[in-house]
**Student:** 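I have a structure I would like to understand better, so I am pasting it below and will then ask my questions one at a time.
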Amino acid sequence: MIRTQPHERFSTQLSLEPDAARAFAGAVGDTNPLHHDAEFAAATRFGRLLASGPQTTAHLLALTASHFSQRGAVLGLEFWVRFRRPIYADETITLEWLVVSVKDSPRLDGEIIDLRGRIRKENGETAVGAKGRVLVTRSLAPVEKPPVEKGH
């Protein structure tokens with residue numbers, strides 16, 4: 001397993017498409033017309049269709065799994081997001097993560113990695129802020145526990 005270092009950065013760009021945004025929102029049960037009805041969305045302050053929060057954050061969280069799975073088995077432990085600006089269903093966004101800290105975990109046979117992330121809009125503004133924690137380990141097989149001695 002490759003040791004993770006604080007200050008490591010990783011990112012990717014993603015071009016959203018309105019049909020995919022509608023399909024994703026429908027698949028997760030998000031019936032908000034801002035994600036489905038272009039005419040409705042055009043009449044709002046946003047002016048056009050929005051990508052749903054579950055879609056954009058799913059892509060952001062998935063980037064951690066894709067990145068760290070190249071080093072070992074990865075398991076998301078916790079994530080927190082804050083929505084700051086709308087993301088349009090037809091824009092190109094940048095997903096970014098920064099490793100804040102790394103703690104060895106001999107008990108879990110791996111590293112617990114704290115992250116800070118964001119989604120940037122085409123104009124560079126931060127639309128979503130995020131924090132996360134993942135476990136990267138050699139294997140997600142059950143961890144052997146030492147035998148418990150029974151008293152007589």
**Student:** Any donor and acceptor pair, going by atom type alone, linking the side chain of R48 with main-chain N or O of A38 inside 3.5 Å?
**Tutor:**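 No.
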**Student:** Among E96, E125, E91, which residue meets the salt bridge (Lys or Arg N to Asp or Glu O under 4.0 Å) test with R120?
**Tutor:**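 Of E96, E125, E91, salt bridge (Lys or Arg N to Asp or Glu O under 4.0 Å) with R120 is met by E96 alone.
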**Student:** To the nearest 0.5 Å, what is the distance between CG (D30) and NE2 (H36)?
**Tutor:**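 It comes to 5.5 Å.
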**Student:** With a sphere of 6.0 Å drawn around CZ of R116, does it hold more than 12 non-hydrogen atoms of other residues, nucleotides or ligands?
**Tutor:**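 Open: at most 12 neighbouring heavy atoms sit under 6.0 Å from CZ of R116.
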**Student:** Identify the heavy atoms of L49 and P18 that sit nearest to each other, and give their distance.
**Tutor:**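 For L49 and P18, the tightest heavy-atom pair comes out as CD1-CB, 4.1 Å.
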**Student:** Whether R3 and D104 form a salt bridge (side-chain N of Lys/Arg under 4.0 Å from carboxylate O of Asp/Glu) is what I want to check.
**Tutor:**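 Here D104 pairs with R3 in a salt bridge, since their nearest N and O are under 4.0 Å apart.
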**Student:** Do L115 and V136 sit in the same hydrophobic cluster, where Ile, Leu, Val, Met, Phe, Trp and Tyr count as joined when their side-chain heavy atoms come under 4.5 Å apart?
**Tutor:**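 In one cluster with L115: V136, yes.
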**Student:** Other residues, nucleotides and ligands only: do more than 12 of their heavy atoms fall within 6.0 Å of CD on E39?
**Tutor:**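 No, CD of E39 has 12 or fewer neighbouring heavy atoms, counting only those of other groups under 6.0 Å.
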**Student:** Looking at side-chain heavy atoms only, is the closest gap between L16 and Q55 below 4.5 Å?
**Tutor:**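 With C-beta onward as the side chain, the pair touches.
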**Student:** Identify the heavy atoms of L98 and R9 that sit nearest to each other, and give their distance.
**Tutor:**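 So the minimum-distance heavy-atom pair works out to CD1-CG, 3.8 Å.
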**Student:** Kindly work out whether a path of hydrophobic side-chain contacts (I/L/V/M/F/W/Y, heavy atoms less than 4.5 Å apart) joins L61 to V74.
**Tutor:**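 L61 and V74: one cluster.
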**Student:** Is there a salt bridge (charged side-chain N to carboxylate O under 4.0 Å, His left out) between K103 and D114 once you walk through the steps?
**Tutor:** CA-CA 9 Å; K103 297 176 192 100; D114 288 316; 3.0 Å; yes
**Student:** Is there side-chain contact between L50 and H35, with heavy atoms separated by less than 4.5 Å?
**Tutor:**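 Answer yes - side chains close enough.
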**Student:** Rounded to the nearest 0.5 Å, how far does CZ of F83 lie from OG1 of T56?
**Tutor:**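 One finds 5.5 Å between OG1 of T56 and CZ of F83.
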**Student:** Answer with yes or no whether the hydrophobic clustering places I87 together with L63; edges join I, L, V, M, F, W, Y residues whose side-chain heavy atoms lie under 4.5 Å apart.
**Tutor:**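 Yes: a chain of side-chain contacts under 4.5 Å links I87 to L63.
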**Student:** Same cluster for V100 and V102 if Ile/Leu/Val/Met/Phe/Trp/Tyr side chains link at under 4.5 Å?
**Tutor:**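 No; V102 is not reachable from V100 via cluster members.
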**Student:** Check whether any side-chain N or O of K131 sits under 3.5 Å from a backbone N or O of E78 as a donor-acceptor pair, and report yes or no.
**Tutor:**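 Flag not set: sc K131 to bb E78 has no pair under 3.5 Å.
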**Student:** Nearest heavy-atom pair of A41 and T44: which atoms, and what distance?
**Tutor:**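 That closest heavy-atom pairing would be O-OG1, 2.7 Å.
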**Student:** Can you tell me how far OG of S101 sits from NE2 of H7, rounded to the nearest 0.5 angstrom?
**Tutor:**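 Rounded to the nearest 0.5 Å, the NE2-OG separation comes out at 10.0 Å.
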**Student:** Please verify the inter-ring angle class for F10 with H67; under 30° counts as parallel, over 60° as perpendicular, anything in between as tilted.
**Tutor:**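 F10 vs H67 ring planes: parallel.
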**Student:** How far apart are the closest heavy atoms of A21 and A51, and which atoms are they?
**Tutor:**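 A21 and A51 have their closest heavy atoms at CB-CA, 4.3 Å.
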**Student:** How many angstroms lie between CZ in R71 and CZ in R138, if you round to the nearest 0.5 Å?
**Tutor:**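 Between R71 CZ and R138 CZ, I get 14.0 Å after rounding to 0.5 Å.
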**Student:** With side chain to side chain contact (heavy atoms under 4.5 Å, CB included) as the test, would you mind laying out the steps for V134 and F79 before giving the verdict?
**Tutor:** CA-CA 9 Å; V134 299; F79 290 95; 3.8 Å; yes
**Student:** Decide whether V28 and L34 are clustered together by the hydrophobic rule: side chain heavy atoms of Ile, Leu, Val, Met, Phe, Trp, Tyr closer than 4.5 Å, transitively.
**Tutor:**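 Looking at the clustering, L34 is in a separate group from V28.
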**Student:** Can you tell if the side chain of R133 reaches within under 4.5 Å of the side chain of I112, non-hydrogen atoms only?
**Tutor:**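 Contact flag for R133/I112 side chains = yes.
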**Student:** If you measure from NE2 on H59 to CZ on F24, what distance do you get to the nearest 0.5 Å?
**Tutor:**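 Answer rounded to 0.5 Å: 6.5 Å.
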**Student:** Can any side-chain N or O of W97 pair as donor or acceptor with the backbone N or O of A130 at less than 3.5 Å?
**Tutor:**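 It does not hold such a pair.
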**Student:** Might you point out which heavy atoms bring L108 and T137 nearest each other, and give the distance in Å?
**Tutor:**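 What the structure gives for the nearest pair is O-OG1, 3.2 Å.
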**Student:** Answer whether the closest heavy-atom distance between the side chains of E17 and D19 falls below 4.5 Å.
**Tutor:**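 Not in contact.
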**Student:** To the nearest 0.5 Å, tell me how far T12 OG1 sits from L95 CG.
**Tutor:**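 So the OG1 of T12 and the CG of L95 are separated by 6.5 Å.
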